Protein chains: 2
Amino acid sequence: MATAGAPLAEDRAVSQTVRAELMLRDLILAGEIRPGERLAELAIVERIGVSRTPVRAALMKLAEEGLLEAIPSGGYAARAFGEREVLDAIELRGTLEGLAARLAAERGASSTALDRLRDLLARLDEAVARIAASEDAFTLYIDLNAAFHREITRLAASRVVERQIERAMSLPFASPSAFVRAQSESPEAGRILILAQDQHHCIVDAITRREGARAEALMREHSRLAGRNLAMALRSRAALARVPGAALIQIRTE
Amino acid sequence: MATAGAPLAEDRAVSQTVRAELMLRDLILAGEIRPGERLAELAIVERIGVSRTPVRAALMKLAEEGLLEAIPSGGYAARAFGEREVLDAIELRGTLEGLAARLAAERGASSTALDRLRDLLARLDEAVARIAASEDAFTLYIDLNAAFHREITRLAASRVVERQIERAMSLPFASPSAFVRAQSESPEAGRILILAQDQHHCIVDAITRREGARAEALMREHSRLAGRNLAMALRSRAALARVPGAALIQIRTE
DNA sequence: GGTATTCCTCCTGTATACATTATTTCTGGA
DNA sequence: TCCAGAAATAATGTATACAGGAGGAATACC
């Protein structure tokens with residue numbers, strides 16, 4: 001069945017459901033579907049070339065993620081988010097990551113886990129130092145930052161907590177690195193990253209000393225940097241364009 | 001359309017997917033499926049009498065809820081929860097409800113909303129007073145308690161927060177009323193309900209005075225009462241049997 | 001001209017047949 | 001007796017046909 005001239009290269013291996021999910025998510029995040037617009041299954045079938053069954057599965061998944069909302073009479077529509085909802089999503093992520101940080105501190109991290117964290121910190125330090133010089137450093141920072149947050153989540157050593165954090169971050173603009181790129185052109189960029197990275201250090205220190213309350217408070221405040229970045233991003237169309245899922249954010253036009 | 005002799009009474013009206021979901025959830029919660037056991041679609045089809053399509057949808061939903069886990073090679077298996085995971089789920093719920101209570105306090109509740117809360121408090125007071133006398137009072141308390149928690153969640157005035165709380169409570173033993181019934185036979189029952197109800201009062205007071213930090217701390221501690229109830233329930237098979245979803249809780253046998 | 005009603009179209013819900021992949025069981029050999 | 005391999009079996013993944021219902025357009029009536 002694998003036709004030549006494959007326009008989808010390596011995607012051949014994965015299931016149709018996963019493919020539908022990825023393509024549909026991209027379509028939504030790219031803003032190709034206007035918020036509120038109904039997503040007809042057959043229209044998607046034609047667009048991405050798989051049958052209704054996997055499309056249906058993908059729609060259900062994306063609705064669970066929060067990108068779509070179920071229409072009472074059936075079907076799904078693209079969801080829009082106001083500035084306030086984006087802030088709430090960030091606050092929610094901060095609260096959950098704060099819980100994870102506190103649990104990590106209270107339950108104690110193994111020395112190998114702490115070593116992993118310190119290694120990430122060192123590499124983040126290096127990335128921050130290079131930010132002014134090269135554009136690549138931003139990409140590196142984003143990757144390392146994501147890995148750092150993931151590691152803290154893991155240290156909570158709780159499946160239910162981990163799962164919930166994953167879900168909270170399924171909204172693309174709620175992820176820890178969502179707004180890092182937004183201010184890559186801004187003169188403040190370097191300053192904010194220095195603040196963020198110092199918080200990273202403090203969080204690891206708190207976990208090491210098993211200071212749960214401190215770890216939690218720091219992690220919450222850390223997430224609010226993203227909120228500050230959002231406010232800045234909303235003032236510049238160019239900055240907002242660099243935020244993943246920006247198309248879903250509805251800007252008040254008055 | 002309700003046919004006579006209906007074995008499923010009102011269920012006729014709802015969709016097959018919803019029916020499959022409800023029946024399957026009941027089956028799992030009743031412990032008819034051993035944790036770890038694979039749930040073959042065809043087996044379910046035979047058991048609940050709908051075709052594979054709605055069964056598949058139901059499986060996906062229950063997996064999202066956390067009752068099932070996806071098997072890497074395909075399909076789903078029933079999930080089991082250790083004591084620690086149940087406690088984590090309760091802590092998670094407390095953290096999220098704490099966030100909701102703080103937001104409710106910070107954003108301010110309308111006077112009509114506060115009236116609703118006070119009305120619920122009064123009815124809860126009454127139910128607590130009658131606990132010793134009648135068994136019905138327990139059921140009433142559970143309903144009112146659920147309504148109280150729902151109202152706080154609503155007062156956060158945030159769709160994303162509300163959604164996340166709903167998801168955290170989709171594990172049946174994580175709901176605010178899960179362990180109330182567990183200790184209905186216990187002599188301590190009345191005492192714990194008095195504590196819980198006093199916390200309810202304090203939480204409403206904090207929200208009224210817009211004391212966000214206090215509201216949050218109280219709500220978190222409030223959830224820990226459920227943790228204490230869990231510890232008690234685990235010491236008595238009879239008590240545990242009254243907890244929803246108890247079949248999913250794996251008791252350490254040593 | 002506006003409103004209500006009917007009809008038509010399109011969309012989702014459901015069942016099922018087919019394809020593909022995982023798992024188990026049976027057999028042969030060491 | 002245990003292990004390896006192959007065949008058989010059973011499960012999921014996928015496509016599609018059909019049924020029922022929602023929503024919109026057109027027409028008739030007021």
Side-chain angles (χ1 to χ4, degrees), chain A residues 1-3 6-8 10-25 27-28 32-64 67-79, chain B residues 1-3 6-8 10-25 27-28 32-64 67-79:
Chain A
M1 202 209 271
T3 52
L8 294 157
E10 55 178 358
D11 281 1
R12 286 252 104 261
V14 306
S15 73
Q16 302 291 70
T17 303
V18 171
R19 194 194 311 191
E21 197 186 320
L22 292 174
M23 293 180 82
L24 202 45
R25 190 186 288 112
L27 240 52
I28 296 166
E32 305 244 343
I33 288 114
R34 269 185 301 282
E37 195 177 321
R38 187 197 203 115
L39 284 153
E41 288 173 9
L42 283 176
I44 301 166
V45 164
E46 282 178 29
R47 199 148 178 182
I48 68 183
V50 301
S51 81
R52 275 185 65 203
T53 307
V55 165
R56 234 166 138 50
L59 285 169
M60 287 176 77
K61 274 218 157 184
L62 295 175
E64 278 298 332
L67 256 45
L68 303 176
E69 59 190 333
I71 297 169
S73 65
Y76 299 93
R79 178 111 155 62
Chain B
M1 202 208 267
T3 53
L8 295 157
E10 52 178 1
D11 281 3
R12 288 251 105 258
V14 306
S15 73
Q16 302 291 71
T17 304
V18 171
R19 193 190 315 190
E21 198 187 318
L22 293 174
M23 294 180 82
L24 203 46
R25 189 184 290 113
L27 240 53
I28 297 166
E32 304 245 342
I33 289 115
R34 269 185 302 280
E37 194 177 323
R38 186 197 204 113
L39 284 152
E41 289 173 10
L42 281 176
I44 300 165
V45 163
E46 281 178 31
R47 199 147 177 182
I48 68 183
V50 301
S51 82
R52 275 184 65 204
T53 308
V55 165
R56 227 158 151 38
L59 285 170
M60 288 176 77
K61 273 218 155 182
L62 295 175
E64 277 297 332
L67 255 45
L68 303 176
E69 60 189 334
I71 298 169
S73 67
Y76 299 92
R79 178 113 156 59

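All values below come from the heavy atoms of this structure, side chains included, with hydrogens, waters and symmetry mates left out. Keep in mind that what you see is a predicted model, and the values were worked out from it rather than measured. A note on names: the letters A, B, ... follow the listed sequences, proteins ahead of strands, and every chain is numbered from 1.
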(request) Would you kindly give the CG-to-P distance between Leu59(B) and dA11(D), to the nearest whole Å? (result) 13 Å
(message) Rounding to an integer number of Å, can you tell me how far Glu46(B) CD sits from dA10(D) C1'?
(response) 12 Å
(message) In this structure, how many angstroms lie between the C1' atom of dA11(D) and the CD1 atom of Ile44(B), rounded?
(response) 12 Å
(message) If you compare every side-chain N and O of Ser73(B) against the phosphate oxygens of dT23(C) (OP1, OP2), does one of them come in below 4.0 Å?
(response) yes
(request) Round to the nearest Å and state the distance from Met60(B) atom CE to dT12(D) atom P. (result) 14 Å
(request) Let me know the distance between OH of Tyr76(B) and C1' of dA22(C), rounded to the nearest Å. (result) 16 Å
(request) With a 4.0 Å heavy-atom cut-off, tell me which residues in residues 50-57 of chain B come close to DNA chain D, sorted by residue number. (result) Arg52(B), Arg56(B)
If you look only at distance, which donor and acceptor atoms sit under 3.5 Å apart when one is on a side chain in residues 36-47 of chain A and the other is two or more places apart or in another chain?
{"residue": "Glu37(A)", "atom": "OE1", "partner": "Arg34(A)", "partner atom": "N", "Å": "3.1"}
{"residue": "Arg38(A)", "atom": "NH2", "partner": "Gly74(A)", "partner atom": "O", "Å": "2.8"}
{"residue": "Glu41(A)", "atom": "OE1", "partner": "Arg52(A)", "partner atom": "NE", "Å": "2.8"}
{"residue": "Glu41(A)", "atom": "OE1", "partner": "Arg52(A)", "partner atom": "NH2", "Å": "2.8"}
{"residue": "Glu41(A)", "atom": "OE2", "partner": "Arg56(A)", "partner atom": "NH1", "Å": "2.5"}
{"residue": "Arg47(A)", "atom": "NH2", "partner": "Glu32(A)", "partner atom": "OE1", "Å": "2.7"}

(message) Working to the nearest 0.5 angstrom, can you tell me the gap between Gln16(B) CD and Met23(B) CE?
(response) 10.0 Å
(message) Does any part of the side chain of Leu67(B), heavy atoms only, come nearer than 4.5 Å to the side chain of Arg25(B), both counted from C-beta?
(response) yes
(message) Taking the side chain as everything from C-beta on, heavy atoms only, tell me whether Leu68(B) gets closer than 4.5 Å to Arg79(B).
(response) no
(request) Kindly give the heavy-atom pair with the smallest separation between Ala78(A) and Ile33(A), and that separation in Å. (result) CB-CG2, 3.6 Å
(message) Nearest 0.5 Å, please: how far is NZ in Lys61(A) from CD in Glu64(B)?
(response) 6.5 Å
(request) Could you pull out the closest heavy-atom pair between Ala63(A) and Tyr76(A), with the gap in Å? (result) CB-CE2, 3.5 Å
(request) Measure the spacing between CG of Leu24(B) and CG of Leu59(B) and express it to the nearest 0.5 Å. (result) 5.5 Å
(message) Near DNA chain D, counting only heavy atoms under 4.0 Å, which residues of residues 34-42 of chain B show up?
(response) Arg38(B), Leu39(B), Ala40(B), Glu41(B)
(request) Provide, to the nearest angstrom, the distance between the CD atom belonging to Gln16(B) and the C1' atom belonging to dG21(D). (result) 15 Å
